[in-house]
Number of protein chains: 2
Amino acid sequence: MLAGAARPRMPASAARSRLVEPLSGETRLMLRAAQLYYRLNLTQDQVGERLGVSRFKVGRLLDRALRESAVRIEIVHPAARLVELEDELTDRFGLGGAVVVDVASTGSEQDDELLARERVAGAAAVHLASLQPTGAIGVSWGRTMLEVAAHLRPGWTAATEIVQLNGATSQSARPTRAHEIVERFGATSGAAIRLMAAPAIVGTPGLRDALEQDPSVGETLAAARAAQTAVFSMGVLGPESVHVASGYLGATDLAALGEAGAVGDILGRFVTRAGGIALPSLDRRTIGLPLEELRAKTLTVGVVAGAGRGPIALAALRVGCVRVLVTDEATASWVLDHA
Amino acid sequence: MLAGAARPRMPASAARSRLVEPLSGETRLMLRAAQLYYRLNLTQDQVGERLGVSRFKVGRLLDRALRESAVRIEIVHPAARLVELEDELTDRFGLGGAVVVDVASTGSEQDDELLARERVAGAAAVHLASLQPTGAIGVSWGRTMLEVAAHLRPGWTAATEIVQLNGATSQSARPTRAHEIVERFGATSGAAIRLMAAPAIVGTPGLRDALEQDPSVGETLAAARAAQTAVFSMGVLGPESVHVASGYLGATDLAALGEAGAVGDILGRFVTRAGGIALPSLDRRTIGLPLEELRAKTLTVGVVAGAGRGPIALAALRVGCVRVLVTDEATASWVLDHA
DNA sequence: CGCGAGCATGCTCAAATGTGCAGTCCAGTG
DNA sequence: CACTGGACTGCACATTTGAGCATGCTCGCG
């Protein structure tokens, strides 16, 4: 028998086979290269040797694998998302930096609030230390700032003076504990301290001006102005606000602020979603550093934590008075989603 | 007021903070480096510049990220698994190579069987061509080999002769079509062909010997022995076997084989799970190249596809008569799981 | 207070990798 | 059949990365 007979009857499947590509040899090679290179950590040279191709070809195969995403490089660390949020915040708002912390949920809403404040404050204290601020540092008060103070480690800064940025004295049952905050900032650093002996908000603009001009308050205010660094937290508007608890704001003021679109306060100054002063009449009765002056500082660290703090965080960013933001993941996400 | 006052009363949370590590700055840095390096494709130098650290440190951070698997490199191509199976088969059985094809499931068991055979046969034809066999090529017969033949492309080899490896003539209603296979192998390559004019299995060892010594069969058998390359498929034992359909095996033989632990056949020779001849008495009645001689060849390509072919594939590997295995994913997995 | 172990840092040098370029092959075309 | 454009290959060279090593720093211990 000889070759060359007429083509014999063959199954129809021969034609079909063109449709289902059986995986090209080139792709096979690419995957083998990827396995050897990424899994076994061989060099491209070694891969080439095993596969019988030049190292250049291996390089090109790996390149293709990456471009066609046959190989995926993923950052799987649980904290990666936080770092991403930090970078996005920094970019989007032109910040000098951002710290976003992860807050494990406890199940209880109240516990979450406490935990968030605690973790964020801790991070703020650590970050603050890493920034090595010098000269005078201005600080605000509030529950968050109290936590920040509690987390400061001795010797965290070489700053020479700690200055209270806004009024805080109170006769109410719920004191502001602003002096504790300032004292701890001073005690942990060896810096001198300067308190602001005045309420946060007084009854009339006239009294405000009189107090601010009196040396007892005026000198601190001048120091607050001169400080190149400021650390502050932000408050939300609502019946649970420290300003209400401390007796500065009554129901009337609250209602007016709500109507004016206030979302919270920075150094006792209530601002709207867009970052403007919500109620100028109230602002003129507020004692402490104005926001324009806060904005002018070299380094400002804004600390904000807890559910519902998104709007005031965003407002603060819009005011432009935050150079470094320290917050929790939920707030960071909210801000980026609503910016 | 002065600094240095006794440490004020502070919330208990300060102590708690030691427990919940707020994500160390080093880790943060590592993740930022990973993002910049892997996502943005900066060089380590550029990453270092942005992060304010030396390129050495960046390298070490990335190293750590990889070691702590904060970064995962994954090969996601759907065919990656196949390549992995190929490598594993090659390693585990010391093969010269393996081709594993992916068979999309159709839902119907029968269609799957056909599709698997078709795809595997196609892959075998392509791979065979890439191996560029020369001289004489021995071939077996069967449904799978028929498909392989159908997929051969003209000019696929420069071989000079195609030789049938084992007997196949049949008077039954279901012919073996062995001549079609050999003819197509020849027609697509321009090689001469040599058929084996004898049944696969005859009634007595005496007749087998007589036939093998007669020039009509003997010359082909000698050529089969001399060929340096062989291509063959494997059959399963069971009522649907081609040997039954072609009338070589009766119910008695089938039962005896089953009892002897046969799992299938290679060139008409039935073997056990472990790779031994299942029924020597039957083997002495089988016409064609013995397995020892198949094993001695330079290049042998075994093609096996379809559900339930795992045991015979494994047996063939254990016999050591397969240098290159071409099969489907299911069979490859089965073999590796049961080896 | 001095000492040394352990560790992180940055350096030099070599290895590994990417890039631009020139040569080659091949399919399609006039 | 010659030609041409495009894809692919391997090479020389520049860049990037890794490895080993000396230095300096911290921290605990005597």
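The chains referred to below are lettered A, B, ... by the order of the sequence lines, with proteins before strands, and numbering in each begins at 1. The model shown is predicted, which means the values in this text are computed figures rather than measured ones. When reading the values below, keep in mind they use all heavy atoms of this one structure, side chains included, and skip hydrogens, waters and symmetry mates.
Counting to the nearest Å, the P atom of dT16(D) and the CG atom of L62(B) are 15 Å from each other. In this structure, OH of Y38(B) is placed 13 Å from C1' of dT16(D), rounded to the nearest angstrom. A straight line from CZ of F56(A) to C1' of dA16(C) spans 11 Å, rounded to a whole angstrom. One atom, OH of Y37(A), and another, P of dT17(D), lie 10 Å apart when rounded to the nearest Å. Atom CE in M30(A) sits roughly 17 Å away from atom C1' in dC8(D) (whole-Å rounding). As rounded to whole Å, 11 Å separates atom P of dG10(C) from atom CG of L61(B). Per the geometry, NZ belonging to K57(B) stands 18 Å off C1' belonging to dT17(D), to the nearest Å.
With sequence neighbours left out, the side-chain contact (heavy atoms from CB on, under 4.5 Å) criterion links A159(B) to I137(B), T157(B). Partners of Q44(A) under the side-chain hydrogen bond (donor to acceptor under 3.5 Å, both in side chains) rule, at least two apart in sequence or in another chain, do not exist in this structure. Evaluation of the ring pair (Phe, Tyr, Trp, His ring centres under 6.0 Å) rule for F185(A) yields W156(A) as partners, not counting sequence neighbours. Every side-chain contact (heavy atoms from CB on, under 4.5 Å) that S233(A) has, sequence neighbours left out, goes to S140(A), T144(A), M145(A). In this view, S130(B) satisfies the side-chain hydrogen bond (donor to acceptor under 3.5 Å, both in side chains) rule with no residue, not counting sequence neighbours. Under the side-chain contact (heavy atoms from CB on, under 4.5 Å) criterion, E88(B) pairs with R92(B), L336(B), not counting sequence neighbours. For A313(A), the side-chain contact (heavy atoms from CB on, under 4.5 Å) partners two or more places apart in sequence, or in a different chain, are V304(A), T331(A), V335(A).
Taken over five-pair windows at either terminus, the axes of the helix from dC1(C)-dG30(D) to dG30(C)-dC1(D) are inclined to one another by 10° (rounded to 10 degrees).
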* List the protein contact pattern of nucleotides 21-27 of chain C with one symbol per nucleotide (5' to 3'): B for base contact, S for sugar-phosphate-only contact, - for none; contact means a heavy-atom distance under 4.0 Å. => -------
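In the region residues 39-55 of chain B, proximity to DNA chain D at under 4.0 angstrom, judged on heavy atoms, holds for T43(B), Q44(B), R55(B).
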* To do: Evaluate side chain to side chain donor-acceptor pair (under 3.5 Å) for E118(B) paired with H151(B), printing each intermediate quantity in order.
  => CA-CA 9 Å; E118(B) 198 269 323; H151(B) 283 87; 2.9 Å; yes
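In terms of heavy-atom proximity, A149(A) sits nearest to R184(A) at O-NE, 2.7 Å.
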List, one per line, each side-chain donor-acceptor pair under 3.5 Å for residues 56-67 of chain A, sequence neighbours excluded.
residue: K57(A); atom: NZ; partner: E26(A); partner atom: OE2; Å: 3.1
residue: D63(A); atom: OD2; partner: R67(A); partner atom: NH1; Å: 2.8
residue: R64(A); atom: NH1; partner: E68(A); partner atom: OE1; Å: 3.3
residue: R64(A); atom: NH1; partner: E68(A); partner atom: OE2; Å: 3.0

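Residue pairs satisfying the salt bridge (charged side-chain N to carboxylate O under 4.0 Å, His left out) criterion with at least one member in residues 29-42 of chain A, sequence neighbours excluded, are listed as follows: R32(A)-D87(B), R39(A)-E84(B).
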